[in-house]
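Note sheet for the following structure.
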Amino acid sequence: MADPKGFLTTGREVAQTRPVGERVKDWNEVYVPGSLLPIVSKQAGRCMDCGIPFCHNGCPLGNLIPEWNDYAYREDWAAASERLHATNNFPEFTGRLCPAPCESACVLGINQPAVTIKNVEVSIIDKAWGNGDVTPRPPERLSGKTVAVIGSGPAGLAAAQQLTRAGHTVAVYERADRIGGLLRYGIPEFKMEKSHINRRIEQMRAEGTKFRTEIEIGRDIDAAKLRRRYDAVVIAAGATVSRDLPVPGRELNGVHFAMEYLPLANKVQEGDLTVSPISAEGKHVVVIGGGDTGADCVGTAHRQGALSVTQLEIMPRPGDERNANQPWPPFPMLYKVTSAHEEGGERVYSVSTTHFEGDENGNVQALHLVEVEFKDGKLEQKPGTERVIPAQLVTLAMGFTGTDQANGLVQQFGLELDERGNIARDQDYATNVDGVFVAGDAGRGQSLIVWAIAEGRSAARGVDRFLTGASALPAPIRPTDRALTV
C-alpha cells in the first residue's frame, strides 16, 4: 500500500490549467507543463489498495492501478511505467483523452473525491518518456506470418503493436495522409499535442511495424485482394459515419459535420494549411451535440476567434452529483465542465433544432430551436418556446452511426453486420470471413479510447491464435463485454 493514511490526510488535487486568456491564443495543451510532478506522489498515495479494486471494473484494460499508484507514491518511475505498460500500449493517450471511468469506480469515491488516477497515469508515462524508459521492444524471432491492419486509430495501433511484438510482420493501412486516425485529426491539439502520437509511431517502426498512408481499402485496394495478400487482416476502421440532422436548411453553406470541421483545424497545426477553409473567425458558432466532440468544436471555435459559441443538447442538463438511480460504481451522467467550456460560450439543454435559415447566397445565418421535454418516455416539443439564434457556422457533433460502407470495404470482404449495423464477430473477434478480424468501434460501435485499445489487444490474441494455434497475448475483454452501467 502506498500511504496508509493518504486518503485521510491528502485532498484531491488535479492538474493546473493555464489561464484562459493565454491558452485560447495558442494550440498548446491547456495544462501547465510540469505542474503535476510536485503533487502527483501525494495524490497517488491517496489510493487505498482496496481488497477489491473496483477501478479495475471501471477500466476495460484491467489497468493495475493500485500497483502503479504505489510505485508513483515511492517515485519509482521505471517500475510504475512497467506496470502501466503491462496492460496499456498507449497510456499517454488515455491519460489525456479518457473520461476516466476508473475514477468513477474508485472505492474512495463512495464518500470522498476519487483518486486522480488519470493524472497519475499521465505523469508516469511522461516521466518515463523523459527518463528514456520507453524503448522499442522488437520480437526475438519472426513467425513468417503477415497481418494487415486497416485503420490507425487506437484499436488498430494496439493490435498492430501486439502482433508485431508476437513476431508477425504487420502493415497498417490508413486512408489519411498521416497515422493516428481520429487521434490525429479528430482530437484538437489543445487536448493532445500530436508529438505524443509521433513518438509512439517511431517506437512501433523501430519494432518492425510498417505503415502505409493514403491508401483506402475498398477504393484504392480491393479488400478481397488484400485478404489474399496477407495471412490475416484486422479491420479497425472505426465508426466514422457521422449522425446527420435532416431538418430544413441542412444543405446551407456553413453547416458541417464536426469531423469535417476539426480535421481542417488540425491540418493547420500540422502546417498543411495556412488558414482553415472552415473557420469560426468572426462568426456566431452553434455546436449541436453536448458530448466530448462537441466540446472539441467549442474549444476550436474559441481559438479561431468566434464572435460567440453556443452548444445545444437535446437531453436535460445532468446533475452535479450522482443521482440515486446511478449508484457507485457505474459511470454516472454528471454535468461536465471541460477546459473548452471554461473558455466561454453558452450551453443550452433540452432543446431541438427545427430548421436552419439562410441568406440570399445560401449561407446559414440563423438556427431555429424549440424546448423539449420527456413525456411518457417520448420527447415532445413545448409549445410557445420557439426562438431563433444567430449562426454563421454550425457543427454537427451528435455521434456516429457505424463504420463506413460507402468505400466498398464491407461488401468486398463479404462481411456480415450485426443488428446495430456494426461488423459482426465471434468471441475471438473473427468475422464470418476466414482470417478477417474486427476490433474497435467498427465492431463495437462508438465507444471510448480505453475500449478501443482493449479491443485491439484482445483481437490481437485472436489473430495470434489463428496464425499459430496458440497465443500468450492478453485479452482483457470479450466482444460482448460492455461498460458497467445501470
Side-chain angles (χ1 to χ4, degrees), residues 11-36 38-40 43 93-101 103-104 113-114 116-123 126 186-194 196 258 261-262 265-266 269 279-313 315-322 331-351 389 391 393-395 397 448-449:
R12 178 181 168 102
E13 191 173 357
V14 298
Q16 181 182 351
T17 54
R18 296 186 291 132
V20 169
E22 171 189 320
R23 69 185 194 232
V24 295
K25 295 177 182 177
D26 62 44
W27 293 82
N28 300 330
E29 290 183 6
V30 300
Y31 298 105
V32 176
S35 64
L36 276 175
I39 65 171
V40 72
Q43 289 302 307
F93 301 167
T94 53
R96 287 172 167 83
L97 304 176
C98 181
E103 293 187 17
S104 298
T116 55
I117 299 170
K118 181 176 173 178
N119 281 181
V120 176
E121 177 183 31
V122 78
S123 298
D126 285 355
I187 301 297
E189 194 84 357
F190 60 82
K191 282 184 67 174
M192 186 180 74
E193 295 173 10
K194 301 309 176 281
H196 301 296
Y261 174 62
L262 294 173
N266 280 347
Q269 302 311 308
S279 177
E281 184 177 3
K283 297 177 181 177
H284 295 288
V285 177
V286 178
V287 178
I288 301 179
D292 287 339
T293 302
D296 293 344
C297 292
V298 170
T300 299
H302 288 322
R303 283 158 181 77
Q304 290 178 339
L307 284 179
S308 69
V309 183
T310 305
Q311 187 175 16
L312 308 181
E313 169 57 59
M315 301 299 292
R317 181 191 184 279
D320 295 321
E321 298 181 355
R322 283 182 184 269
F331 192 76
M333 292 296 294
L334 297 175
Y335 182 67
K336 182 179 179 181
V337 180
T338 70
S339 64
H341 297 128
E342 293 173 353
E343 295 161 2
E346 182 183 4
R347 303 169 76 178
V348 183
Y349 290 88
S350 297
V351 294
I389 59 175
L393 173 62
V394 178
T395 60
L448 303 178
I449 183 172

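We count residues from 1, following the sequence as given. Worth knowing before you read on, the calculation uses all heavy atoms, side chains too, and leaves out hydrogens, waters and symmetry mates.
Side chains of V348 and E313 form no contact here, defined as non-hydrogen atoms less than 4.5 Å apart. Within the 4.5 Å cutoff, side-chain heavy atoms of L448 are placed close to those of P99. With a 4.5 Å cut-off on side-chain heavy atoms, V30 and E343 count as touching. Using a 4.5 Å heavy-atom threshold, the side chains of P316 and Y349 count as separate.
At least one donor-acceptor pair under 3.5 Å links the side chain of H302 to the backbone N or O of G344. Of the possible polar contacts, one joining the R23 side chain to the S339 backbone as a donor-acceptor pair under 3.5 Å is found. A donor-acceptor pair under 3.5 Å is absent between the side-chain atoms of E342 and the main chain of T17, judged by distance alone. In this structure a side-chain-to-backbone donor-acceptor pair under 3.5 Å is missing from E29 to E189.
Among all heavy-atom pairs drawn from P318 and L334, the shortest one is CB-C, 3.5 Å. Closest non-hydrogen pair, A295 versus T338, comes out as CB-OG1, 3.7 Å. Here the shortest heavy-atom pairing between T300 and P188 reads OG1-CG, 3.9 Å. When all heavy atoms of S123 and V40 are compared, the pair lying nearest together is OG-CG2, 3.5 Å. The nearest pair of heavy atoms linking A391 to V286 is CB-CG2, 3.6 Å. The two residues K194 and I187 have their closest heavy-atom pair at NZ-O, 2.7 Å.
Here CG of L262 is found 7.5 Å from OG1 of T395. Values are rounded to the nearest 0.5 Å. Taking CG from L36 and NZ from K118, the interatomic distance works out to 11.0 Å, rounded to the nearest 0.5 Å. Atom CG of residue L393 and atom NZ of residue K283 lie 5.5 Å apart, to the nearest 0.5 angstrom. Atom CD of residue E346 and atom OG1 of residue T310 lie 5.0 Å apart, to the nearest 0.5 angstrom. One distance of note links OH of Y261 with CG of D296; it measures 10.5 Å at 0.5 Å rounding. Between the CZ atom in R303 and the CZ atom in F190 there is a gap of 4.5 Å [rounded to 0.5 Å].
Between K336 and D320 no salt bridge is recorded (no basic side-chain N to carboxylate O distance below 4.0 Å). With salt bridges taken as basic N to acidic carboxylate O contacts below 4.0 Å, one links E103 and R12.
Judged by the 6.0 Å and 45° rule, R317 forms a cation-pi pair with Y335. Figure legend: R18 and Y31 shown without cation-pi pairing, the cationic atom not lying both under 6.0 angstrom from the six-membered ring centre and within 45 degrees of its axis.
Side-chain N/O atoms of E121 and T94 include a donor and acceptor closer than 3.5 Å.
With a 6.0 Å radius and a threshold of 12 heavy atoms from other residues, nucleotides or ligands, E22 has its CD atom above the threshold.
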**Request:** Using the salt bridge (Lys or Arg N to Asp or Glu O under 4.0 Å) rule, take R96 and E193 through it: C-alpha gap first, then chi angles, then the decisive distance, then the call.
**Result:** CA-CA 10 Å; R96 287 172 167 83; E193 295 173 10; over 6 Å; no

